[in-house]
Amino acid sequence: MAAAAVAAAAVLALRRRRRPGRTSRPGARVARGGVMLDLKYVVEHFDEVAARLGTRGGNVDVQPLRDLADRRRALVTERDNLRRDQKAVSDGFRQPGVTPERREELRAKSKAMGERIAAAETGVGQVEARISDILMNTPNLPQPSTPVGTSADDNVVVRTVGEPRRLDFQAKEHWEIGEALGILDFEAARKVSGARFVLYRDAGARLERALASFMLDLHVSRGYREVLPPYVVLRDCMVGTGQLPKFFEEAYVATDDLFLIPTAEVPVTNIHREEMLDAARLPINYVAYSACFRREAGSHGKDVKGMTRVHQFQKVELVKFATPEASYEEHEKLVADAEEVLKRLDLPYRVVSLCSGDLGFSASKCYDIEVWLPGQAAYREISSCSNFEDFQARRASIRYRPAPGEKPRFVHTLNGSGVAIGRTIIALLENCQQADGSVVIPPALRPYMGGIEVIR
RNA sequence: GGAGAGAUGGCCGAGAGGUCGAAGGCGCCUGACUCGAAAUCAGGUGUGGGCAUCGCUCACCGGGGGUUCGAAUCCCUCUCUCUCCGCCA
C-alpha cells in the first residue's frame, strides 16, 4: 500500500509554464526524479491503478501514460548516451599534445553532438511535460477500505453519537435565529462584500472568537502544536496540497502567483515542503485557526440562504505528518480529536466514511463528521478528516529518513477540520434554540463567553 | 525604497572553466580496541533517472536563460536570506 499515490511531484512542467520573472521557490530542491517513481508505479500496476481510479467515477484517463512512459524511456536513454559520447569527445581536449588542428576537429564534432543532445533534450522535455500534466491532474487512489460508490448516497455511516434533539416547538433555521437576535447580519455583509458572506455582531462575533479559543485550547491540550499561518500562499503550496492545477476555478487569486487559502491545510502542510523530516519527530501534529476563502464555483443555488456555504469562513484545522506505518491509526485519532469538540459542546453528530465517488481529489480515505441540525432536520458536514497517504508528500516533496543510513521515504499527510466554526455556530443556534428565540450557550463554552449563558 | 554580502549534500563549510558529485568537519553506519561504554584508529555514508540484475551510465551545487567543445565555477535574470540606511503597522 505504500506506493499508493499516483500523481507526482512533477512541478517541473508546471514551473515551465510559469511566467518568467515570477517564479518563487525558496530553497528549492525538489526531488525531480520522484516524479518518475510515481509514473513507474502506475505503469507497473496499470490495471490495478486504473481499476481503483475507476471507482471514483468521472473520466480519469491514465491510458496514454503507458505509451508516454515508453517514449520517455527511449528518449532519455538516447539523450544520456549522446551526452556520454560528448563527454568522451571533450576529454580529447585534455590529452597531452593536442594540435590546433585536432582541437578544431574535436570542437566541430562536439558542437554537432551538442545540437543532437539539445534536440533529444527537447523531446524528453515535451514527453515529461505531458506525463506530468496527466499525473498532476490524476486524483489519489482510494484506500481499499474506502467504500465503493458513486455519490454521497453511497457513503457509509460509521457511528452516530448523541440523539437528534427533540424540540417541543417549531425549530427555526439558523439565519432566522441569528438575524432575530441581531448577531448575524447578512445585509451588511452583502453591502460590504456581495453575496455569500456573513457579518457577525455582538454576541455572534464573541461566539466566533470563543469557539476559536475553545477549539485551539482543546487540541493543544491533546498534543497539537498551535500555528497561525499566512492566509495567502505561493502557487507551489497550492500545487503541493492538490488544489492546483486542477481546481483553479475554486481559488481566489490574490496576484499572479499568490492565492488566498481555501483552508489552513494549505499553508500548514506546506510548512515542511521540500524538507527531510527527522523520523524521531513523527508524527507531527499542528492545529491552526484561519479564515478560509472559496469561490464556490458551480454551487449556484445550493445553500443560498444563511451561512452554510459562504465565500469566507473560519475554521480550526488539524494537520498531521506521519510515517506510512502509523498513518491509518493517526487518521482514526484525528477523527476522534475532531469529534471531541462536538462531544464537549453536546452536539449530536454522526461519522460517515466517504465512498470512492464522493472522495476529494487528494484524499485516499475520508471521514466526514456531520452534525445534526434541527432547523434543517438533517445531518450536515461540519468536519472532513482525510488521509492523503503520500499523495501530497510527493507533490510537495516532504520526506523523512526512517533510520540512519536508510533511503528517504515520503511521509503521509493527514488533516481534518477541528472543526468549521461557522457551521458550529449554525449547529449551536439550531440545537440550543429555545421557544422564545433565545439560545443557550453550552457550559463548556461559557468561560470563553465572558459570562454570557444565554444569547437573547 | 537605497547600498552591499550571500544561497553548495542530513547539517556546517571549501571550491573560482575540464582530472568536481564535489575537499574538510559534524552527524550516521561498519570494523578494531573494551567486560561494556566513552575516547581513539580504519573504512563507508547525497538525491533521483536510464540501462542492467558483479555493475554501467546520465542529471542535480537556490530557479530560469546564456557564453563555451566543456560551467558549481563566467554572463544575464528572478527569488530568497543576511547586514546597513530610509520609511512604516
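Below, each value reflects all heavy atoms present in this structure, side chains not excepted, and no hydrogens, waters or symmetry copies. Protein chains get the first letters and strands the later ones, always in sequence-line order, with residue 1 at the start of each. Model, not experiment: these values are computed from the prediction.
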Write down the distance separating the [atom1] atoms in [N] and [M], rounded off to the nearest Å.
{"N": "B/rU8", "M": "B/rC56", "atom1": "P", "value": "30 Å"}
{"N": "B/rC33", "M": "B/rA38", "atom1": "C1'", "value": "12 Å"}
{"N": "B/rC60", "M": "B/rG2", "atom1": "C1'", "value": "36 Å"}
{"N": "B/rC78", "M": "B/rA3", "atom1": "P", "value": "13 Å"}
{"N": "B/rG9", "M": "B/rU77", "atom1": "C1'", "value": "27 Å"}
{"N": "B/rC29", "M": "B/rA37", "atom1": "P", "value": "13 Å"}
{"N": "B/rU57", "M": "B/rG65", "atom1": "P", "value": "27 Å"}
{"N": "B/rU45", "M": "B/rA22", "atom1": "P", "value": "10 Å"}

Inset, instruction - Assign each of A/E406 and A/D91 to its nearest nucleotide of RNA chain B by heavy atoms, then name whichever residue's nucleotide is nearer the 5' end. - result: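 In this pair, the answer is A/D91.
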
Inset, instruction - Tell me which of A/F93 and A/R79 sits closer to the 5' end of RNA chain B, going by the nucleotide each one is nearest to. - result: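 Its nearest nucleotide being more 5', the pick is A/R79.
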
Would you tabulate the side-chain donor-acceptor contacts of residues 356-365 of chain A under 3.5 Å, counting partners in other chains and residues two or more places apart, or write 'none'?
{"unit_1": "A/S356", "atom_1": "OG", "unit_2": "A/T55", "atom_2": "O", "d": "2.7"}
{"unit_1": "A/S356", "atom_1": "OG", "unit_2": "A/G149", "atom_2": "N", "d": "3.0"}
{"unit_1": "A/S356", "atom_1": "OG", "unit_2": "A/G149", "atom_2": "O", "d": "3.2"}
{"unit_1": "A/D358", "atom_1": "OD2", "unit_2": "A/N155", "atom_2": "ND2", "d": "3.0"}
{"unit_1": "A/S362", "atom_1": "OG", "unit_2": "A/T241", "atom_2": "O", "d": "3.1"}
{"unit_1": "A/S364", "atom_1": "OG", "unit_2": "A/Q143", "atom_2": "NE2", "d": "3.2"}
{"unit_1": "A/S364", "atom_1": "OG", "unit_2": "A/N387", "atom_2": "O", "d": "2.9"}
{"unit_1": "A/K365", "atom_1": "NZ", "unit_2": "A/S145", "atom_2": "OG", "d": "2.8"}
{"unit_1": "A/K365", "atom_1": "NZ", "unit_2": "A/Y367", "atom_2": "OH", "d": "3.4"}

Legend entry - Distance test, side-chain N/O of A/K87 to OP1/OP2 of B/rA59, below 4.0 Å: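 Yes.
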
Legend entry - OP1 or OP2 of B/rG46 under 4.0 Å from side-chain N/O of A/K407: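 Indeed not, no polar side-chain atom of A/K407 lies that close.
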
Inset, instruction - With sequence neighbours excluded, give me every side-chain hydrogen bond (donor to acceptor under 3.5 Å, both in side chains) pair touching residues 209-220 of chain A. - result: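 For residues 209-220 of chain A: A/D217-A/Y448.
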
Interatomic distance, [X] [atom1] vs [N] [atom2] [rounded to whole Å]:
{"X": "A/K40", "N": "B/rG48", "atom1": "NZ", "atom2": "P", "answer": "11 Å"}
{"X": "A/R84", "N": "B/rU57", "atom1": "CZ", "atom2": "C1'", "answer": "6 Å"}
{"X": "A/R116", "N": "B/rC58", "atom1": "CZ", "atom2": "P", "answer": "16 Å"}
{"X": "A/D236", "N": "B/rU79", "atom1": "CG", "atom2": "C1'", "answer": "11 Å"}
{"X": "A/M276", "N": "B/rU45", "atom1": "CE", "atom2": "P", "answer": "17 Å"}
{"X": "A/R235", "N": "B/rC80", "atom1": "CZ", "atom2": "P", "answer": "16 Å"}
{"X": "A/I398", "N": "B/rU47", "atom1": "CD1", "atom2": "P", "answer": "19 Å"}
{"X": "A/Q86", "N": "B/rC58", "atom1": "CD", "atom2": "P", "answer": "11 Å"}

Inset, instruction - Would you please name every residue forming a ring pair (Phe, Tyr, Trp, His ring centres under 6.0 Å) with A/Y400, sequence neighbours left out? - result: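 Once residues adjacent in sequence are excluded, A/Y400 has no partner under the ring pair (Phe, Tyr, Trp, His ring centres under 6.0 Å) criterion.
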
Legend entry - Residues that A/F197 engages under ring pair (Phe, Tyr, Trp, His ring centres under 6.0 Å), provided they are two or more places apart: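 In terms of ring pair (Phe, Tyr, Trp, His ring centres under 6.0 Å), with neighbours along the sequence ignored, A/F197 is linked to A/H311.
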
Inset, instruction - Kindly express the pairing pattern of RNA chain B in dot-bracket notation, using | wherever a base pairs with another strand and counting only Watson-Crick or G-U pairs under 3.5 Å. - result: ((((((((.[[[..)..(.....]]]((((((.......))))))((((((...)))))).[[[[[..)....]]]]])))))))....

Legend entry - Proximity to the side chain of A/R72 - top-ranked nucleotide from B/rU47, B/rG49, B/rC29: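 That would be B/rG49.
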
Inset, instruction - Please tell me which of the listed nucleotides, B/rG50, B/rA59, B/rU47, lies nearest to the side chain of A/T77? - result: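 Comparing B/rG50, B/rA59, B/rU47 against the side chain of A/T77, the answer is B/rG50.
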
Inset, instruction - Verify the distance criterion only: is there a donor paired with an acceptor across the side chains of A/E48 and A/H45 at less than 3.5 Å? - result: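 No pair is found: no donor N or O on one side chain lies under 3.5 Å from an acceptor on the other.
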
Give [X] one of three labels, base, sugar-phosphate or nothing, depending on what nucleic acid heavy atoms sit under 4.0 Å from its own.
{"X": "A/V76", "value": "sugar-phosphate"}
{"X": "A/R401", "value": "sugar-phosphate"}
{"X": "A/S90", "value": "base"}

Legend entry - Salt-bridge present (A/R295, A/E250; N to O < 4.0 Å):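 Here A/R295 does not pair with A/E250 in a salt bridge, since their nearest N and O are not under 4.0 Å apart.
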
Legend entry - Pairing of A/K111 and A/E115 as salt bridge, 4.0 angstrom limit: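 Not counted as a salt bridge, because no side-chain N and carboxylate O are separated by less than 4.0 Å.
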
Legend entry - A/R423 to A/F313 six-membered ring, cation-pi geometry met (6.0 Å, 45°):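 Pair A/R423/A/F313 does not count as cation-pi.
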
Inset, instruction - Check whether the side chain of A/N81 and the base of B/rG50 form a donor-acceptor pair under 3.5 Å. - result: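 It does not, because no donor-acceptor pair links the side chain of A/N81 to the base of B/rG50 below 3.5 Å.
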
Legend entry - Under the side-chain contact (heavy atoms from CB on, under 4.5 Å) test, residues paired with A/V43 that sit two or more places apart: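 Here the qualifying residues are A/L39, A/A69.
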
